[in-house]
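Working notes for the structure below.
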Amino acid sequence: MRVFSSIDELRHTLDALKRQGRTVGLVPTMGYLHAGHMELVSRARAENDIVVVSIFVNPLQFGPAEDLSRYPRDLERDAAMLRQAGVNFLFSPGVEGMYPRPMLAVVDVPDLGRELEGALRPGHFAGVATVVCKLFNIVQPQTAYFGEKDYQQVVIIKRMVDDLALPVRVISVPTVRDSDGLAWSSRNVYLSEAERRAAVIVPQTLDEAERLVADGLTDPVELEAKLTAFLSREPLARPEVVAVRDASTLQPVTSIAEPVVVALFVRLGSTRLLDNRVVSDNRIVGDNRVIGNNRVVGGRRLPGKGVTR
């Protein structure tokens, strides 16, 4: 595995390989890698000749009171994991390399970016879209891989790619979970032992959402109230967002018929955990199996809206 910090050097190397007809897959990350990231790498390796993983803690997506300075970092550890996984290139630029001067040009998808997490973190998704667009321009991959745990991020990146006609196919990969159901996240390291035990309430709440919808509940307001009450059983958990939204537009819905995403943002101590599940019309769609303009139920494609896998 070769490690690059220079944009120009990485581009020069990739250009030579692309001229040979080699395909390139990109896995953008902020590092402190875990099983979820490695699943993205595995998919990228299976589907491309060359795999590039980027590690960059992007300051544009952190607010002034957020955890940029303490976000977990261990490049040596991450590089060892990627080398063992067979990654070809690691791109790990510094802030000065990515942003040599203050950014005047930004990419934003405001109608999607101000919903849900964006309402709690103004400007966050403009920072995400900007850095992802820049990484796409640097690497120019045929495909790029993102985890469905960050469902809103996937929706926004897909819309950015479609609207700007970027020549990259965005592949969303199902959430990877620990043995007790908690979604893998770099921020899990912040949890104390008691908070980690309590965090299982988050996937359990998604299970409860699945059960309620399967039992015929179609009122999104009632579902949100029941899930908030369910979360409140855990004294260490403070729900910040419990939302039922259209799975494609992230807008509020009046009834659970077309696919909806149940989105949770739950704070345990100083750590906010994000998780979600897509459900539809008394049927579970999978961990997040809404694909293109089809929804997948029981392995069959059905008409509907969704996120392109």
Side-chain angles (χ1 to χ4, degrees), residues 1 25-48 51-58 61-62 67 71-87 90-92 116-117 124-125 128 131-132 135 141 143-158 169-191 195-196 199-207 261-266 268 271-278 285-291 307-309:
M1 183 180 74
L26 170 66
V27 180
T29 83
M30 292 207 301
Y32 212 75
L33 304 178
H34 52 66
H37 295 115
M38 302 317 292
E39 181 65 17
L40 303 181
V41 169
S42 178
R43 281 289 300 273
R45 282 197 63 212
E47 298 173 4
N48 299 274
V51 175
V52 180
V53 174
S54 65
I55 293 179
F56 178 63
V57 182
N58 174 37
Q61 66 192 70
F62 288 80
D67 59 348
Y71 192 87
R73 297 166 170 86
D74 192 336
L75 185 60
E76 184 175 344
R77 164 190 172 275
D78 291 346
M81 292 173 66
L82 296 174
R83 190 173 290 110
Q84 185 173 4
V87 168
L90 168 58
F91 178 49
S92 180
L116 302 173
E117 185 179 4
H124 167 70
F125 285 111
V128 170
V131 75
V132 170
L135 287 168
T143 52
Y145 298 80
F146 296 86
E148 290 177 355
K149 182 184 75 67
D150 297 304
Y151 185 87
Q152 184 174 8
Q153 174 176 278
V154 174
V155 173
I156 288 170
I157 291 168
K158 279 291 308 171
R169 186 166 61 102
V170 174
I171 308 295
S172 61
V173 177
T175 302
V176 177
R177 299 182 179 278
D178 211 336
S179 58
D180 61 1
L182 184 66
W184 279 95
S185 169
S186 299
R187 286 189 169 91
N188 289 355
V189 70
Y190 296 156
L191 298 169
E195 290 165 352
R196 175 62 186 82
V200 73
I201 192 66
V202 178
Q204 288 174 349
T205 302
L206 296 176
D207 292 341
V261 59
V262 178
L264 304 179
F265 306 118
V266 181
L268 290 98
T271 305
R272 178 188 292 137
L273 299 183
L274 283 67
D275 209 344
N276 59 80
R277 188 165 296 173
V278 175
V285 181
D287 209 26
N288 276 343
R289 303 303 183 89
V290 182
I291 305 176
V307 179
T308 299
R309 174 179 289 284

**Report entry** Candidate list Arg43, Gln153, Glu148, test side-chain hydrogen bond (donor to acceptor under 3.5 Å, both in side chains), partner Ser172, passing option
**Finding:**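 Only match with Ser172 under side-chain hydrogen bond (donor to acceptor under 3.5 Å, both in side chains): Glu148.
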Query raised in the report: Any sub-3.5 Å donor-acceptor pair from Gln152's side-chain atoms to Glu117's backbone N or O?
Result: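 It does hold such a pair.
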Query raised in the report: Is Asp180 reaching over with its side chain to a backbone N or O of Leu182, donor-acceptor style, under 3.5 angstrom?
Result: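 Looks like yes, one N/O pair under 3.5 Å.
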Query - Residues Arg73 and Asp78 bridged, charged N to O under 4.0 Å - result: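 Here Arg73 does not pair with Asp78 in a salt bridge, since their nearest N and O are not under 4.0 Å apart.
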Query raised in the report: Should Arg177 and Asp275 count as an ion pair when the cut-off is N to O under 4.0 Å?
Result: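 Salt bridge: yes.
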Taking the side chain as every heavy atom from C-beta outward, state whether [X] and [Y] have any pair of such atoms under 4.5 Å apart.
X	Y	value
Leu40	Phe146	no
Leu135	Phe56	no
Asn58	Val128	no
Arg272	Leu274	yes
Val189	Thr271	no
Val176	His37	no
Leu26	Val52	yes

Interatomic spacing from [atom1] in [X] to [atom2] in [Y] - rounded to 0.5 Å:
X	Y	atom1	atom2	answer
Leu82	Thr29	CG	OG1	7.5 Å
Leu90	Arg83	CG	CZ	8.5 Å
Leu116	Asn276	CG	CG	10.0 Å

Query raised in the report: Passes side-chain contact (heavy atoms from CB on, under 4.5 Å), Val53 versus Met81? Steps please.
Result: CA-CA 11 Å; Val53 174; Met81 292 173 66; over 6 Å; no
Query raised in the report: Does Arg77 count as lying over the ring of Tyr32, i.e. NZ or CZ under 6.0 Å from the six-ring centre, within 45 degrees of the axis?
Result: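 Yes.
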Query raised in the report: With under 30° as parallel and over 60° as perpendicular, where do the rings of Tyr71 and Phe62 fit, or are they tilted in between?
Result: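 Rings of Tyr71 and Phe62: perpendicular, as their planes differ by over 60°.
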Query raised in the report: Which pair of non-hydrogen atoms, one from Val173 and one from Glu39, has the smallest distance, and what is that distance?
Result: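 Val173 and Glu39 have their closest heavy atoms at CG1-CG, 3.7 Å.
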Query raised in the report: Nearest heavy-atom pair of Ala85 and Met38: which atoms, and what distance?
Result: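 Ala85 and Met38 have their closest heavy atoms at CB-CE, 3.5 Å.
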